[in-house]
2 protein chains.
Amino acid sequence: MFLADCQARLAFDLLAPTWNAVVVCALRHGPRRPGELRAEIGGISPKVLTETLRRLEANGLVARRAYAEAPPRVEYELTELGQTLLGPIQAVGKWALDHAEDVLAAQDRWEESLETSS
Amino acid sequence: MFLADCQARLAFDLLAPTWNAVVVCALRHGPRRPGELRAEIGGISPKVLTETLRRLEANGLVARRAYAEAPPRVEYELTELGQTLLGPIQAVGKWALDHAEDVLAAQDRWEESLETSS
DNA sequence: TCCGTTAGGCACCGAATGGTGCGCGATGCG
DNA sequence: CGCATCGCGCACCATTCGGTGCCTAACGGA
């Protein structure tokens, strides 16, 4: 597992872009419109949100539904495949909540050691 | 969870660089020297390996031990914090093994639809 | 008629990541 | 002496990702 060309790498490519996991998580309770996602997530620009949704769609994690109305209405929702990803994502999220302090403390120690040595 | 400034984002920043999770996993059975890691992982350049190890060290996930010998000898091993990350990493890896086919099939469908529409 | 709303395309920029190639220092071996 | 080994630093390059700003299409309301 996890050698150079292992399939397990595929999942990390999916989760690597900053907002992918955030958007998947924001969709966990059902379909959402882009405007709702922007409001709920906060701090994501419209361009990046559509890019993120396109990536997720290209990998079969979300489905896009457009309605021929005006003003235009679009909804995104998790596919079955996307929902199976919620478990691993939340496992990582839980680890972060449990150990964020340790990581931040380690980062501080690292900064200090850089100053000391310079 | 997973709003713009949530702590959970921290873990994804840790796992985002391509090789971080691979290297953490390669260290799961004890200390390793850089040369061993390069051979075991395969496909990673020396520069990128040291960069990856520096990042992991800066976040308190691995510890570096240098021995004053010649030729120089260096060992890296997981810290306690690094070992706690093995669980979530393997949860994601297991998802990838279980669903890699679905993702690849979705990617193929996406490519096809691009050709059709163009 | 003019404006706001909604989704999203396009041009451009800056930072991070990954990769190649070259070099250094210190030692052991032929 | 000359060379290989090992870890690692530096210069340089290409790609990706995130971000800002500007524009379009289509309709409803003032």
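Residue numbers start from 1 in every chain, and the chains themselves are labelled A, B, ... in the order their sequence lines are given, proteins ahead of strands.
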**OP:** Could you go through the salt bridge (Lys or Arg N to Asp or Glu O under 4.0 Å) check for Glu75(B) and Arg32(B) one step at a time?
**Re:** CA-CA 5 Å; Glu75(B) 279 182 354; Arg32(B) 289 288 183 278; over 6 Å; no

Subject >> Contact pattern, 5' to 3', of nucleotides 11-30 of chain C - B, S or - by protein heavy atom under 4.0 Å >> reply: B-----SBBB----B-S---

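- Per the geometry, CD belonging to Glu75(B) stands 14 Å off P belonging to dC6(D), to the nearest Å.
- For Arg55(B), there are no salt bridge (charged side-chain N to carboxylate O under 4.0 Å, His left out) partners, not counting sequence neighbours.
- Classification of Glu36(A) and Arg38(A) as a salt-bridged pair fails, no side-chain N sitting under 4.0 Å from a carboxylate O.
- Relative to the six-membered ring of Trp19(A), Arg9(B) meets both conditions, a distance below 6.0 Å and an angle of at most 45° to the axis.
- Among the atoms of the strands shown, none is found under 4.0 Å from any heavy atom of Tyr67(A).
- Here dA7(C) presents its C1' atom at 13 Å from CG of Leu37(A), a figure rounded to the nearest Å.
- Phosphate contact (OP1/OP2 of dA7(C), side-chain N/O of Arg73(A), threshold under 4.0 Å): absent.
- Atom pair Leu14(A):CG and dC17(D):P shows a separation of 11 Å (rounding to whole Å applied).
- Contact between the side-chain N/O atoms of Arg54(B) and the OP1/OP2 oxygens of dG9(D) is found at a separation under 4.0 Å.
- Contact of the Val24(B) side chain with the Leu56(B) side chain is registered, since non-hydrogen atoms from C-beta on lie closer than 4.5 Å.
- Between Tyr76(B) and Arg65(B) there is no side-chain heavy-atom pair separated by less than 4.5 Å.
- Counting to the nearest Å, the P atom of dA7(C) and the CZ atom of Arg32(A) are 14 Å from each other.
- Applying the 4.0 Å criterion to OP1 and OP2 of dA7(C), one finds that Arg33(A) has a side-chain N or O inside that range.
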